Amino acid sequence: AAVKEVPPIGDEEIKKLQEAFTGNLLQTPPMFSALKKEGVRLYRLARKGQTVERAPREIKIESLLLWPLGPTELGFEVTCSKGTYIRTLAADMGQSLGCGAHLKSLRRLACGHLSVENAIRLDDVEGDLTRGELVENGFGPTLVDRITRLVDISEYKRRQNPPGPRITPKAFGKDRRMPITNAYRG
């Protein structure tokens, strides 16, 4: 692939990107995704070097804030619908600029009603917060049980010889972890 220079990105280009990539859009899912084609995950095909046709899907970008980080870099924050691929959004914006683009980093700030702003630190869960305090803070009992299991796994990993009944990672499924954001489906 040919290397293309990044064009100057000023306020006018940022405004055009924000306008072009806000609202209802069609986005083609990337090959490295969990979507299936004839029962096979696309990422499995991609790892074999295969590419298959993927139908564009409708997504909604509710808000898109862009700001310059340097002469060839932009930062952005997006509020979007379920099913939006942020890496693909960045690549599409780069294509629109005529130079390509990729992400250097990605951080999810919110998912549904869960947000980083309202998150409880794992140290607090492991430390002073009781099961009752978690429920009082708006966490459902099922999620609290899963958080407790996450803490148990964390504790298990810290100790070579846990006292009392042994907690084994096998007891928590093949992942041996329970991401909090996936534990609660609303």
Side-chain angles (χ1 to χ4, degrees), residues 1-119 122 143 146 150 153 169 172-186:
V3 176
K4 296 182 180 178
E5 292 294 318
V6 177
I9 304 171
D11 292 341
E12 190 62 34
E13 289 78 17
I14 287 175
K15 184 178 176 186
K16 286 179 185 176
L17 282 175
Q18 285 175 315
E19 288 172 0
F21 289 93
T22 302
N24 293 323
L25 307 171
L26 288 176
Q27 184 183 66
T28 301
M31 277 301 299
F32 281 95
S33 70
L35 297 176
K36 291 182 179 180
K37 180 76 169 189
E38 297 176 5
V40 179
R41 301 258 183 216
L42 292 182
Y43 65 80
R44 292 191 189 278
L45 298 172
R47 288 180 185 156
K48 294 178 184 177
Q50 299 174 10
T51 302
V52 296
E53 191 70 29
R54 294 155 337 265
R57 295 174 165 210
E58 189 170 317
I59 60 166
K60 183 172 184 180
I61 305 298
E62 294 176 31
S63 70
L64 176 64
L65 302 172
L66 294 160
W67 60 90
L69 291 174
T72 62
E73 293 183 34
L74 289 175
F76 70 99
E77 184 173 312
V78 61
T79 303
C80 58
S81 63
K82 174 182 167 183
T84 302
Y85 292 91
I86 301 303
R87 287 180 176 86
T88 301
L89 179 64
D92 291 345
M93 286 192 285
Q95 185 176 3
S96 172
L97 289 169
C99 60
H102 68 277
L103 294 183
K104 284 177 68 174
S105 64
L106 175 63
R107 181 176 184 216
R108 185 178 295 238
L109 300 175
C111 182
H113 70 282
L114 301 174
S115 70
V116 170
E117 186 178 284
N118 296 324
L122 185 57
L143 178 59
R146 290 181 177 179
L150 176 67
I153 294 168
F172 300 103
K174 66 180 181 180
D175 259 2
R176 298 192 321 195
R177 58 185 161 76
M178 175 56 71
I180 291 174
T181 55
N182 289 343
Y184 198 96
R185 298 188 193 275

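Each residue takes its place number in the sequence, starting with 1. This structure is a prediction, so every number in the text was calculated from the model and none was measured.
Partners of Glu77 under the salt bridge (charged side-chain N to carboxylate O under 4.0 Å, His left out) rule, at least two apart in sequence or in another chain, do not exist in this structure. Every residue two or more places apart in sequence or in another chain was checked for a side-chain contact (heavy atoms from CB on, under 4.5 Å) with Ala55, and none qualifies. Take Lys82 and apply the salt bridge (charged side-chain N to carboxylate O under 4.0 Å, His left out) test, not counting sequence neighbours, and it matches no residue.
Glu19 contributes no side-chain N or O that, together with a main-chain N or O of Lys16, makes up a donor-acceptor pair within less than 3.5 Å. Although no hydrogens or angles enter the test, the distance criterion places a donor-acceptor pair under 3.5 Å between the side chain of Arg41 and the main chain of Ala34. With hydrogens and angles disregarded, no donor-acceptor distance shorter than 3.5 Å links the side chain of Glu13 to the backbone of Leu97.
Here the closest non-hydrogen pair linking Val6 and Cys99 is CA-CB, 4.0 Å. The two residues Pro30 and Leu42 have their closest heavy-atom pair at O-CD1, 3.9 Å. Between Leu74 and Pro68 the shortest heavy-atom distance is CD2-CA, 3.9 Å. Nearest heavy-atom pair, Lys37 versus Leu45, reported as atom, atom and distance to 0.1 Å: CB-CD1, 4.5 Å. Of all heavy-atom pairs spanning Ser96 and Leu17, the tightest one is OG-CD2, 4.0 Å. Contact between Ile61 and Leu64 at its shortest, heavy atoms only, is CG2-CB, 4.0 Å.
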I would like to know whether Arg54 and Met31 meet side chain to side chain contact (heavy atoms under 4.5 Å, CB included); could you show each step before the answer?
-> CA-CA 8 Å; Arg54 294 155 337 265; Met31 277 301 299; 3.3 Å; yes
With side chain to side chain contact (heavy atoms under 4.5 Å, CB included) as the test, would you mind laying out the steps for Lys48 and Val40 before giving the verdict?
-> CA-CA 12 Å; Lys48 294 178 184 177; Val40 179; over 6 Å; no
Run the numbers on Val52 and Glu38 for side chain to side chain contact (heavy atoms under 4.5 Å, CB included), then give the verdict.
-> CA-CA 11 Å; Val52 296; Glu38 297 176 5; over 6 Å; no
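Crowding of Glu73 atom CD: a count of heavy atoms from other residues, nucleotides or ligands under 6.0 Å exceeding 12. Counting heavy-atom neighbours within 6.0 Å of Glu117 CD, excluding the residue itself, gives a total of 12 or less. More than 12 heavy atoms of other residues, nucleotides or ligands sit less than 6.0 Å from atom CG of Asn24.
Here the straight-line distance linking atom CG of Leu89 with atom CG of Leu103 works out to 8.5 Å at 0.5 Å rounding. Annotation: the span from Thr28 atom OG1 to Ile59 atom CD1 amounts to 10.0 Å, rounded to 0.5 Å. With values rounded to the nearest 0.5 angstrom, Thr88 atom OG1 is found 11.0 Å from Gln95 atom CD. Atom SG of Cys80 is separated from atom CD of Glu62 by 8.0 Å, given to the nearest 0.5 angstrom. Of the inter-residue distances, the one linking Arg57 atom CZ with Leu26 atom CG reads 12.0 Å to the nearest 0.5 angstrom. Annotation: the span from Phe76 atom CZ to Leu69 atom CG amounts to 10.5 Å, rounded to 0.5 Å.
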